[in-house]
**Student:** 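Below is the structure I would like to discuss, written out as structure tokens.
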Amino acid sequence: MKRFIIIIIVAVVVIAVVLFFVLRPKKVVEVVVVPEIKVGLVTDVGKVDDKTFNQFAHEGMMRAAEEFGFEAKYIETLQPTDYDKNIQTFAEEGFDMIVTVGFMITDATYKMAGQYPDIKFAGVDQFYAEPLDNTMGLLFAEDQSGFVAGALAAMMSETGVIGIVCGMEIPPVIKFRKGYENGARYIDPGLKVLGVYIDSFVAPDRGKAAAEAMIADGADVIFGAGGPTGSGGIVAAMEKGVYGIGVDQDEYYTTMGGGPAPNLLTSAMKRVDNAVYSAIKAFAEDTFKGGHYMNNASNEGIGYAPFHDAADRVSKDVKARLDETLEKLADGSLETGVKL
Amino acid sequence: MNNESLSLKGIVKVFPGVVANDHIDFSLGRGEIHTLLGENGAGKTTLMNILYGLYTPDEGEIRINGQKVQIKTPSDALSHGIGMVHQHFMLIPIMSVAENIILGKEIKKSGLLDRKKARNKIKELSQQYKFDLNPDDLVKDLPIGTQQRVEIIKALYREANILIMDEPTSVLTPQESEELFSILRSLKNEGKSIIFISHKLKEVLEVSDKITVLRNGKVIGSVEPDKTDEQQLAGMMVGRQVILKVDKNKMDRGAPILVVKDLSVNDQRGMKTVNNICFTVHEGEIFGVAGVQGNGQTELIQALTGLIPFQSGEVTIQNRKLSGENPREVTVLGTAHIPEDRQKYGLVLPYPVRDNLILCSYYGKPFSNHRILNFSFIAEKASRLLEEYNIKAPGIDTITDTLSGGNQQKTVVARELGREVKLLIASQPTRGLDVGSIEYIHKKIIETRDARCGVLLVSPELDEIMSLADTIGVIFKGQIIKTLNIEESTKEKLGLLMAGIYK
Amino acid sequence: MKPLNIIGRAQYQEIIIPFLSIVTALIIGAVIIYTTGANVYKSYQGLWQGAFGKPRAIAETFVITTPYILSGLAVAFGFKCGLFNIGVEGQLYAGAVSAAFIGYAVRGLPHFIHLPLAMLAGIVGGAVWGAIPGYLKAKTGGHEVINTIMMNHIMLKLTDYLVKNPMLDTQASIPRTPYIQETAYLPKLFPGFRLHWGIIIALAAVFLIYFILYKTTIGFEIRTVGYNQNAARYAGMNITKNFVLVMAVSGSLAGLAGANEVLGLNYTLPAAFISGYGFDAIAIALLAKSNPFAIIPSAILWASLRNGAGLMQVRAGISIDLINIMQAFVIMFIAAPKIVRWLYRIKEGKAKAEVVLTKGWGK
């Protein structure tokens, strides 16, 4: 018994000491701000610094929060079964607006929006069959983004074979792939496009293996469309000395760590950050409306990233044709031909 | 100069419910072989574990070369020159002799293992004590006796002056034991002191300079071997007069119980180790199978008890033919089986004694009903067996692993003979047991015979066979080459037969 | 020092080591939080309140506890027979997919028939998926660790295929099965909370498994095989039969966990239903040392960590990985009790309290 008591005392003392050092008041006097509005973000399975749309949504939220003086918090989802719970945690904590990231949270977001009609919800990549007054689905014309990437790939390819490494077979990814294929054929109808879906967004090894197989089959441009899985494909392209195209954000800064990356042509951009920013801005300016907000070429919701280290290898003609394609998509004179 | 290399004074060690060592005094002279004699559970092992730093004594002091020391860990013990050769070797089979010896005390040359120097050191030690060891042999390829020498060298390599040998002969053949004794004598002549732990009286008398007897955690007395005999030592160990000779009535042979006809059995590697064997065991008869280890005894017993299949032949128990490889069938026919390796086959060590006592009868009424165990009946039965078979355990819930070897074996015997049996198959039933337990188990085997059961007894110890069996079959290369009555058997005759020489 | 009288020394150690493991993991967690610059008090307050702060938080903790108990029990039951069932995740899927199918495809049955039928489907689905590696071990000696891992992969793909093809609800915005009939709903325990009757079923399963293991001849055989196969054979027990039986029962518990998730919580099975319960279950069984009753607190602990993590992140902005780190430390301390013994100077008990988890890879 004596030993037991000693252990308890030791444990309590240790905890007390740790807490003392941790909790002692900081010398810097913090400016006490009482934010009135609270915005929360629930990620898809992943982290707010994982270089995917989770990170960009978070950045967009932080930009808006700073501008409008909102308090901003996030929850990183560990398991898909936790979506409901994580949204609910924010709701119960009295948050005013909740941003959920990713197609997979669509159902959970919609369900919770029904339960908490006073809270505004913005869902990245989410489409609601019957949108509520407090749900805004942030959609992207991934087909346009993919179309531009496909056009560029077709112009740069010498072998006449290009490849795309996709993540899970869900609508945004399908749109990227089909857009890519159609964009390539828009330039060169005879081009061969290799493609694969990989049922995970977080399997760079498998993405890499798939890309290597495509390169072995003659592909000399690889478009990695699907989070870290797609990035694995780009890494393979860099290693094998063929061109790579990133997705969602400028992968020159993320996957390539800021270069040098002479073979990274560009990235097919999906401005999740802008979309989230706009949604919060709409809420701040009281113009938030239930429904969907389509981010496309016309509102700079999609586009392509700078060529960076590959700039000297992309000829003026190619760039001119690429910009022309993007403009045509923006003004509606060109359609991607992708329907889901 | 003080000629005492080690002395223990007033050592006390208490475990919950047991005083394992009760004010023990012990002194070991330089160049002395001092035997600690006692039954299992007498406190020998506890005392040695204290000396080796595995336990801390509650009271008492340890002096080495007159200096008072504290031994808290085995490395303390080593630094004081105490080395231990455990009963179960602490060797790594896939490593070489040299690697095993230097393990934990490697000789390094600029950070790397200096194998050459280590090997030379070992060769040197091996020659000094005539160990005949090749440092490059793999331990797994060595016979048990040689492995033991590796353990001894390991201790010498660590510069041990006091060597604790825990039951060193329990794993050795008589010849290997003789070799060990000559090694011990040469160590002694080099000035090493040896604590020899054993309960085999003959060898203790042969090898010791001094014998200290422990019983129930207390020192009973110290004697010198030339002033005592087996009878007296056994009496001191057990605390009463012990009958070393087995008394039994003449056999009254009845009907055949176990009939084995042309039985052939393959071992694990598919070698035919039992070869067309034939014999019969009758009611009221102890049929002893004598033979050098490895002549098919193990496979014979395992096939008869259903543990392994047999290739050809026929086994009938109480006129019922066995289908083979079905231990339950054999049990149901009224067979008791005391297995060769009680810890491997006979017991589930983490179980309470109670569960081990029902291991072969749990499935039937009244132990269980519709698959639900009947705990009140089981407890009652187990308590009864505990008492009847004199199993020294605090209760039926005691974990079997904590019992001494003798009491573990008694648990097996209680379970097997505690139900209705017509045939007892016993394989090396007294292996590794102390005098008291051996006496008890021999008595039980005779009682079983006298209760009109048939007994099949297999033992590598000729003394045991000769004192118990009514009929002796000598097994050689998987066959019973001759069957003799006890009256016509002599040690010499059997010895020749066991070596395969017969007419 | 007198030995404890109320509880034996061995039991005392069995409780104190896990307890101290958790305390130590929390202390290490505190140090990590502090070094990352977050507020320890706010973090742990968030963790606590997220798990137990409000009725809803408590209810949510028990929502997660439900599959944790069942899947932890599945692993522990395997351990008792010396089998390491890593296939709980796959068996859970098998149960979920079977229950979902019966749940939406069978129509017109009354509640009291449809619900048990759907649960039974889940149990059978899991049992079959568990029994296969059990049978392979019994007949061919194929190691269950390898085979259950393989079975996990097969089931993952199979579920994905089924949900996206024959079982797909074409009306849905994400790939998932149609919603199950209301007659197959496992009712909620309290109105307004997601906590459902599954927790009661899970607790009942604990008692049932305890009863089977310790009060019946079936359990006696299982434990004997788990401790000492030679002795079990000697006693006339059928080892291979027990392997298949144990894997089937273990799988059925996992299947029941999957069925509960579908019938009590989601009412559908989405394609990306990666629960992770099956792997956490191994940790839960280890923490509980395979004791059926100890599974309950062990599962509650794991569930509360997982449930409280969200609010902890909201309050303190700390990475949710901290929870994984702390869980890893708990398991490390449980697996290597010497560390805790050394830290708190606890001497080893005389009685051997080590758990035999599984046999080696040989044979």
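First the proteins, then the strands, lettered A, B, ... as listed; each starts at 1. Just so you know, these numbers use all the heavy atoms, side chains as well, and skip hydrogens, waters and symmetry mates.
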**Student:** In residues 105-129 of chain A, which residues are in contact with chain C at a heavy-atom separation under 4.5 Å?
**Tutor:** A/T106, A/D107, A/Y116, A/F127
**Student:** Only pairs of heavy atoms separated by less than 4.5 Å count here; which of A/V45, A/V42, A/I170, A/D82 has the most with chain C?
**Tutor:** A/D82
**Student:** Do C/Y344 and C/T24 have side-chain N/O donor and acceptor atoms under 3.5 Å apart?
**Tutor:** yes
**Student:** Without hydrogens or angle criteria, can the side chains of C/T177 and C/D169 be said to hold a donor-acceptor pair below 3.5 Å?
**Tutor:** no
**Student:** Heavy-atom pairs under 4.5 Å with chain C - which of A/T77, A/D49, A/N86, A/T89 has more of them than the others?
**Tutor:** A/T89
**Student:** Within 45° of the axis and under 6.0 Å from the centre of the six-membered ring of C/F190, does NZ or CZ of C/R194 qualify?
**Tutor:** no
**Student:** Going by the rule side chain to side chain donor-acceptor pair (under 3.5 Å), which residues pair with C/T66 if we only count those two or more places apart in sequence or in a different chain?
**Tutor:** none
**Student:** Quick one: do the C/T65 and C/R306 side chains pair a donor with an acceptor below 3.5 Å?
**Tutor:** no
**Student:** Kindly list each side-chain donor-acceptor pair under 3.5 angstrom involving residues 317-328 of chain C, sequence neighbours excluded, with atom names and distances?
**Tutor:**
unit_1 : atom_1 : unit_2 : atom_2 : d
C/S319 : OG     : C/D321 : N      : 3.1
C/D321 : OD1    : A/K47  : NZ     : 3.3

**Student:** Can you tell which part of A/D84 gets under 4.5 Å to a heavy atom of chain C, answering side chain, backbone, both or neither?
**Tutor:** side chain
**Student:** Salt-bridged, C/R315 to A/E93, with N to O below 4.0 Å?
**Tutor:** yes
**Student:** Considering only heavy atoms, which portion of C/I64 lies under 4.5 Å from any heavy atom of chain A: side chain, backbone, both, or neither?
**Tutor:** side chain
**Student:** C/K54, C/Q49, C/R56, C/M312: which one forms the most heavy-atom pairs within less than 4.5 Å of chain A?
**Tutor:** C/R56
**Student:** Report the residues that fulfil ring pair (Phe, Tyr, Trp, His ring centres under 6.0 Å) with C/H196, sequence neighbours left out, ordered by chain and then residue number.
**Tutor:** none
